[in-house]
Amino acid sequence: MLTTRLTLGKYTCGMVASLIIFLAGGWLILAPFALGYQPYGADWTTQTVNDFATGIPVAVVALASFALFFISLIGSLRAGGILVSRPRPQAPVEYQPHVTTPLASVTSQSDLDKTLATLAAALAADLTARRQAGGDQQSDQQVEQMMNRREA
Amino acid sequence: MHVGDAFRRLVPPGSWVLFLFFLAGIWLAISPFAMTTQASGTHWITPTINNVAIGAIMMVVSLLGILGYMLFALRDLIREAQAKQDIERQAIELPANQ
């Protein structure tokens, strides 16, 4: 039986690294004043300018990196069917004579069906190509039987 | 799966940003000496110690982030390949059992 495991560790690695580097960038901005090598009221020293010029881009880009990993995590959760995008708010309808199924469940079921159909088609094409290369002519019927059983 | 697709899954855009942090860490560590704010042959002053420490932390953390993501993504790729092989094996064995 095919089981699909959803692993979030890789995204956690990237997000934790980005967060630590964001904190390091913040510390670089504060360090000249916290460690006392930049006197108050005086012109900025070379070290202070360097720390600022490095710390601010590091902090900003670390936030962007965190966002990239977070977006990847959300995409993975959506692909795994854990997160379902909210249905868009629609204009209120005055009268609805029929009771319909919830839109979210219909949308997620439709997405799942499309994903499974794409996966099945890709596997069938792959098997067909391999067997045609080997000269086996019975593969199409076998694959169709397999697909019918999986759909059932 | 093509090699390019596998590479994109192993090295996402976030990992390239982490690599930039690795380069920034290198610059931070060598900047006191490159900008001659640290005199050679003397004890390290406070800004030098701070910059070298933060630069080393950034290098280590960014490398760990890149490698950690790569290892987890590689594990996922191996699992997917095994699952695909299982499906193919079942498709081959199914007619034989009938």
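Numbered from 1 within each chain, the chains take letters A, B, ... in sequence-line order.
In this structure, chain A has no heavy atom under 4.5 Å from any part of W16(B). In this structure, chain B has no heavy atom under 4.5 Å from any part of A67(A). If you measure heavy-atom distances from P12(B) to chain A, the contacts under 4.5 Å come from the side chain alone. At a 4.5 Å heavy-atom cutoff, the contact between I45(B) and chain A is made by side-chain atoms alone.
Considering only heavy-atom pairs separated by less than 4.5 Å from chain B, the leading option among T12(A), T45(A), L68(A) is L68(A). Counting heavy-atom pairs closer than 4.5 Å to chain A, the top-ranked of the candidates I66(B), L71(B), L28(B) is L28(B). Taking R75(B), E88(B), Q82(B) one by one and counting their heavy-atom pairs under 4.5 Å with chain A, the maximum is reached by E88(B). Options I20(A), V16(A), L28(A) differ in how many heavy-atom pairs under 4.5 Å they form with chain B, and the most are formed by L28(A).
A salt bridge links R130(A) with D126(A): the closest approach of a Lys/Arg side-chain nitrogen to an acidic carboxylate oxygen falls below 4.0 angstrom.
Dense packing is recorded around OH of Y37(A), with more than 12 heavy atoms of other residues, nucleotides or ligands lying under 6.0 Å away.
Side-chain contact between L18(B) and I21(A) is present, with heavy atoms from C-beta onward closer than 4.5 Å. In this structure, W27(B) and N50(A) have side chains that are in contact, with non-hydrogen atoms separated by less than 4.5 Å.
Taking hydrophobic clusters as Ile, Leu, Val, Met, Phe, Trp and Tyr residues chained together by side-chain heavy-atom distances below 4.5 Å, L63(B) shares a cluster with F66(A).
By the 30° and 60° cut-offs, the orientation of the rings of F52(A) relative to W44(A) is tilted.
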